[in-house]
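Report on the following structure.
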Amino acid sequence: MPLPENMVMLIFSLLRLSGGTVNPGTWMCENLALDFAQWLSVDFRLWCLDRIKELLTTGKCVIPDFNDPPAAAEAWAKEYRGRVAAEKLALEEKAKAEEMAKALESKREDIEFSESFIMSGESDLLIRDLAKKLEQNDIIISDRCLRDFLVKIKIIVKRVKVNGDWEITANAVRKEFAHYRDKNICTESGKVIYARTIYITGKGYKYILSSINGSKKSDFILCGGMFRDYGVFAGSESFNHWDN
C-alpha cells in the first residue's frame, strides 16, 4: 500500500540526499537523527537521559568533544563503566541486605529463646507446681499429662530428634507465657551438669486456666485431666488470686 502523498512530502522534508564526491549520502534532521540513534542503542539513550538529568540538577552538562572521536569515545566508555560499576555495587549491597534479613529471620527463634534466659520472679511455677496450683482450683491432672496439654496449646514442644528436651515455643516466649531458668549443678561425683528448667509465668497460668475452661477443655480431658464436681468450674475468679 503506497504512502499518502503528504507523508512522502514529510519524509523528504526530514531527509536530504546528497550525491557527488563531496559529503555524499543521506542526511537527516538533527533531532530525528538523535531520536533514531537512541532507538538503535539503549546505551546511547541512557547516556542522553543522564545528560538531561545532569543539566536539570546541576544547571550544566559536560559533553565529550566529538571533534576528537577517540577522546570522546574514551570519555564515554569511562563514564559508562563508572555507571555500570555503580549499578553493580548497588545490586550487591541490596543482595547483601536481603541475605542478612533472611539470616536474621531464620535466627529469630534462637534470639527469642536466648532472650528468655532470665531470672524469674518468685510467683513463677515449675510445671509440677502448676499441676498442684490447678488442683487447688479443683482441676486434677498429673504433671506428665499436663505437659501433653501444654504441647496441645503450643506452650512447649519436645525436640525428639534433637535431644529429647522440652522447649518453650517462640510464640509462648513472645507472649511471656513461659521462660527458662538455667543453672549449673554439681553432682556427687564432682561433675558439673548444665540444667535448663521451664517456668510458667502468671500470664501463662491465666492463659492455661482460660484454655482449660474454654475452647481447649476437650483437649484437656483427652490428655487425662478431670474436674472435681462441686457444681461450679473454677476459672475466671482464680485470675484475681494468682498469689493464693
Side-chain angles (χ1 to χ4, degrees), residues 1-118 154-155 157 159 161-162 167-180 182 203:
M1 180 180 179
L3 292 172
E5 185 177 349
N6 61 342
M7 183 67 71
V8 174
M9 295 299 296
L10 176 62
I11 293 173
F12 275 103
S13 69
L14 296 172
L15 300 175
R16 182 167 63 84
L17 303 177
S18 176
T21 57
V22 180
N23 296 329
T26 302
W27 296 79
M28 185 182 292
C29 168
E30 182 179 9
N31 290 339
L32 186 60
L34 286 171
D35 192 56
F36 184 57
Q38 291 181 63
W39 178 78
L40 289 174
S41 172
V42 175
D43 289 337
F44 180 66
R45 176 173 175 77
L46 292 174
W47 181 84
C48 290
L49 291 174
D50 286 343
R51 300 290 72 75
I52 293 172
K53 291 176 184 176
E54 182 182 357
L55 180 62
L56 291 174
T57 54
T58 66
K60 61 181 180 178
C61 177
V62 180
I63 299 190
D65 183 8
F66 289 103
N67 292 321
D68 185 357
E74 184 179 350
W76 180 86
K78 182 178 179 180
E79 188 273 337
Y80 174 76
R81 286 194 296 268
R83 188 179 73 247
V84 170
E87 291 174 352
K88 183 180 178 182
L89 181 61
L91 288 174
E92 289 175 351
E93 291 297 326
K94 182 181 178 181
K96 286 180 182 178
E98 290 176 350
E99 186 177 350
M100 184 176 294
K102 287 180 181 178
L104 287 174
E105 183 66 26
S106 66
K107 294 292 184 183
R108 179 170 294 176
E109 265 194 40
D110 295 336
I111 293 171
E112 289 169 342
F113 280 135
S114 65
E115 288 178 347
S116 70
F117 279 78
I118 56 175
K154 296 181 172 55
I155 289 184
V157 63
R159 304 294 187 186
K161 293 183 179 180
V162 182
E167 293 186 357
I168 307 171
T169 63
N171 181 61
V173 172
R174 279 193 294 270
K175 294 183 177 180
E176 299 179 349
F177 290 161
H179 64 82
Y180 296 109
D182 60 319
K203 187 183 292 187

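All values below were derived from every heavy atom in this structure, side-chain atoms included, with hydrogens, water molecules and symmetry-related copies excluded.
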Where is the tightest heavy-atom contact between A172 and K154, given as atom of each residue plus distance? CB-O, 4.3 Å
Using 0.5 Å steps for rounding, measure from the [atom1] atom of [X] to the [atom2] atom of [Y].
{"X": "T169", "Y": "R174", "atom1": "OG1", "atom2": "CZ", "value": "8.0 Å"}
{"X": "D35", "Y": "L40", "atom1": "CG", "atom2": "CG", "value": "10.0 Å"}
{"X": "I168", "Y": "K175", "atom1": "CD1", "atom2": "NZ", "value": "14.5 Å"}

For the pair E54 and R51, find out whether any cationic side-chain nitrogen is under 4.0 Å from an anionic carboxylate oxygen. yes
Is there a side-chain contact between E92 and L89, using heavy atoms and a 4.5 Å cut-off?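 Yes, close enough: below the 4.5 Å cut-off.
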